[in-house]
Amino acid sequence: MQSTHVRNILKPPSPILQSTLVSFSTLCGPPLPGKFIPNHPILAVLSKSSHPQTDLRALHAHTVTSGLLLDPFAASRIVQLFLKSDPSLARAIFHSLHHPDVYTWNAMIMAHPDAHSSVAHYFRMLQAGAPPNNYTFALLVKACVEGRTDILVAMKVHGQILKRGVEDLLVVRNSLINMYCNMGCLKEARALFDLSSRLDLISWNSMISGYGKAGDVVSARDLFEEMPERSLVSWGAMIDGYVRKGGFLEALKLFNEMMVGGMKPDVVILVSVLKGCAQLGALDQGRWIHIYVEKNRLGWERNVVLSTALIDMYAKCGCIDHALEVFNGVGEGDVVLWNAMIGGLAMHGLGQDALEMFWGMKRKGLVPNETTFVNVLCACTHAGMVERGREIFCSMKKDYGVEPQREHYGCLADLLGRAGLVREAEEVITNMPMEPQPSQWGALMAACRTHNNVKVGERIGKRLISLEPHDGGRYVLLSNVYAGASRWEDALEMRRVMEEKGAKKERGCSFIECNGVVHEFSVGDKSHPQCRGIYEKLSEMERELKKVGYAQDTSQMLVEMGDEEDKGIALSYHSEKLAIAFGIINMGQGTPIRVVKNLRVCRDCHAYTKLVSKVYKIEIVVRDRNRFHRFRDGLCSCMDYW
DNA sequence: CTAGGGTTAG
């Protein structure tokens, strides 16, 4: 029916195609004298990427009058084309067809928003007597993966695949493995993996990535060690698994191993490693990756994901200037990139800059999302900008149509609580439209501790403990609230109850990087090779600090020991103190000491570090769970507000 | 058509 001589010219998508499309769309405009009839290749092109200038209405009229729809192949192209631009019209065309072919059915299956209706469409296809092909099943599986459907629909699809006897095709099996992995059904995925007589690299990689995403790095590593050959994707999946699980050191080690083995990392792997560096505060490693990217011309300027990872790494490693440099070099940023930058500024206590970023983002025409507001509210919190924060919280729904979530109420409570407005903060949490979760009460609790509000603190503390009786941190917090009010018996009692319930608190640990190697310290750690030197340094430091009036602040300490002296010893060996002593011994004068801590800095360590920066004339940058503290000449960038 | 990547939450 159609002339086919154009087909040869149009085979691969090329610049020629573009110009053909333009001329086609001009020709398609009304009136359509019938001198140009779109043939198969042109329809194929159009259905893949319809040109913005294409006159779809004219095209539709043309398809009706020309009898093009009688040709099943052309019909499928037309349906696909209209599914993109005008779905309801596409459905109408579909229903007018007498015998849609598999491709048309598949296109319709693909167009459904969720797996459930895709599957329903598939059954209609069977009823109509149309035979599905492999692509049909791939689509169904894909719908399950993307639509986050429930396991029942997924198993229905699996059942159909078995019934049709196509489960042995590698493509199909791999899709299924991937589907189960994405739904968190690792056992089902593994069963398919184990049953398969033939496995390819993709099967292995799917399985490893599945375990990695589910947090089971041990199983992932077992497969990783076992597999016959590894590709970049295998390494990437494994490294990412460790990063997700929090095994940053392990991830870096694996990355190193990979490099030693002669593999050249690509952008994806570098992004995972950068994430690990960010968490660890491994600035040297992160910087090394930045240089690697530039040397190999991997072009971070045009890769938003990579530049976001770089920005986040620099920000989390304390180099907000470098983060800004990368940010300014990016060609076109998206919301996530801006969020990372705003979050970075917030962490550094640069509230005003964060707000300006926020306005700038709006000017760029980007739409702020939930994360943006979490970061902006955090920025206000860290900078103590209470009124600003309130305004922004109110504007969320009003001006941006973003409904505040639990997190946002938590941020608001944190903002108010940290500023001393504890009662108001409590009202925010009690009156929020959804059920508060422990973390929201936790924000309040922290405020009670800093502002010594025993009344509210006791009430919330007890509630929190009943909610999460196994989280030792809750008892510690309440105990500290009591201690802050000199209610020693109550503080001790909390400690006793905690022991009785067998609750464990998170162990404090700190990281410090030296010559590209990350060192880890926990409270009272004696495992480091330089242990003796570090402890000697610590006692020397304490002597020096006492000369300028340092006195331990034991008020916030969990009453772990009977007498003051022991309490003091435990306090002297908080992990960040060990890390700082290590830094003083090993780092050259003039380079700032950067420490990353997993918990919040305690009052004593904060005062201590301020003095160390003065007496030893060094800059110390500590990143705690919440934000950065930059200690210089006896002062901290947080202005003692944290 | 099937495998690895970025921001947030006390």
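In what follows, chains carry the letters A, B, and so on, assigned in the order in which the sequence lines appear, proteins first and then strands, with residues in each chain numbered from 1.
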For this session: On the 0 to 90° scale, with breaks at 30° and 60°, tag the F327(A)-W338(A) ring pair as parallel, tilted or perpendicular.
Result: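 Perpendicular: the ring planes of F327(A) and W338(A) meet at over 60°.
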For this session: Indicate the ring-plane relationship of W235(A) and F224(A), choosing parallel, tilted or perpendicular according to the 30° and 60° boundaries.
Result: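 W235(A) and F224(A): perpendicular rings.
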Does anything in [range] reach DNA chain B, meaning a heavy atom under 4.0 Å, and if so which residues?
{"range": "residues 261-268 of chain A", "answer": "D266(A), V267(A), V268(A)"}
{"range": "residues 366-377 of chain A", "answer": "T371(A), V374(A), N375(A)"}
{"range": "residues 306-324 of chain A", "answer": "T308(A), D312(A), K316(A)"}
{"range": "residues 200-215 of chain A", "answer": "I202(A), N205(A), S206(A), S209(A), K213(A)"}

Proximal nucleotide (of [options]) relative to the [X] side chain:
{"X": "C378(A)", "options": "dG4(B), dG6(B), dA9(B)", "value": "dA9(B)"}
{"X": "V171(A)", "options": "dT7(B), dA3(B), dT2(B)", "value": "dT2(B)"}
{"X": "S272(A)", "options": "dA3(B), dG6(B), dG5(B)", "value": "dG5(B)"}
{"X": "I269(A)", "options": "dG6(B), dG10(B), dG4(B)", "value": "dG4(B)"}
{"X": "S175(A)", "options": "dC1(B), dT2(B), dT7(B)", "value": "dT2(B)"}
{"X": "N178(A)", "options": "dG4(B), dA3(B), dC1(B)", "value": "dA3(B)"}

Problem set entry | Identified side chain to side chain donor-acceptor pair (under 3.5 Å) counterpart of Y180(A) within the set R190(A), K187(A), H158(A) |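 Going through the options one by one, the only one that passes is H158(A).
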Charged N to carboxylate O below 4.0 Å: is that the case for [X] and [Y]?
{"X": "R423(A)", "Y": "E427(A)", "answer": "no"}
{"X": "R221(A)", "Y": "E226(A)", "answer": "no"}
{"X": "E468(A)", "Y": "R463(A)", "answer": "no"}
{"X": "R230(A)", "Y": "E225(A)", "answer": "yes"}
{"X": "E426(A)", "Y": "R459(A)", "answer": "yes"}

For this session: Please state whether the phosphate of dG6(B), meaning OP1 or OP2, lies under 4.0 angstrom from any side-chain nitrogen or oxygen of K275(A).
Result: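 Answer yes for this pair, as a side-chain N or O of K275(A) is under 4.0 Å from OP1 or OP2.
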For this session: Examine dA9(B): is either OP1 or OP2 under 4.0 Å from a nitrogen or oxygen in the side chain of R625(A)? Give yes or no.
Result: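 Checking R625(A) against dA9(B): no side-chain N or O falls below 4.0 Å of OP1 or OP2.
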Check every strand shown and say whether [X] touches a base, only sugar-phosphate, or nothing at a heavy-atom separation below 4.0 Å.
{"X": "R418(A)", "answer": "nothing"}
{"X": "L270(A)", "answer": "nothing"}
{"X": "V304(A)", "answer": "base"}
{"X": "L232(A)", "answer": "base"}

Exercise. Rounding to a whole Å, what distance do you find between K597(A):NZ and dG10(B):P?
Worked result: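 Going from NZ in K597(A) over to P in dG10(B) covers 17 Å.
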Exercise. In chain order, what residues pass the salt bridge (charged side-chain N to carboxylate O under 4.0 Å, His left out) check against D353(A), with sequence neighbours excluded?
Worked result: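 D353(A) satisfies salt bridge (charged side-chain N to carboxylate O under 4.0 Å, His left out) with no residue once adjacent residues are dropped.
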Problem set entry | Residue list, salt bridge (charged side-chain N to carboxylate O under 4.0 Å, His left out) with R623(A), at least two apart or on another chain |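 Listed in chain order: nothing, the list is empty.
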Problem set entry | The single option from R474(A), R600(A), K597(A), R625(A) passing salt bridge (charged side-chain N to carboxylate O under 4.0 Å, His left out) against E506(A) |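 Of the listed options, the one satisfying the test is R625(A).
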Exercise. In Å and rounded to the nearest 0.5 Å, what is the CG to NZ distance from L140(A) to K142(A)?
Worked result: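 The NZ atom of K142(A) is 12.0 Å from CG of L140(A), to the nearest 0.5 Å.
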For this session: Would you confirm whether the ring centroid of F393(A) sits within less than 6.0 angstrom of the ring centroid of F373(A)?
Result: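 No, the ring of F373(A) stays outside the 6.0 Å limit from the ring of F393(A), centre to centre.
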For this session: Determine, stepwise, if the pair S175(A) / N178(A) fulfils side-chain hydrogen bond (donor to acceptor under 3.5 Å, both in side chains).
Result: CA-CA 5 Å; S175(A) 311; N178(A) 188 37; over 6 Å; no
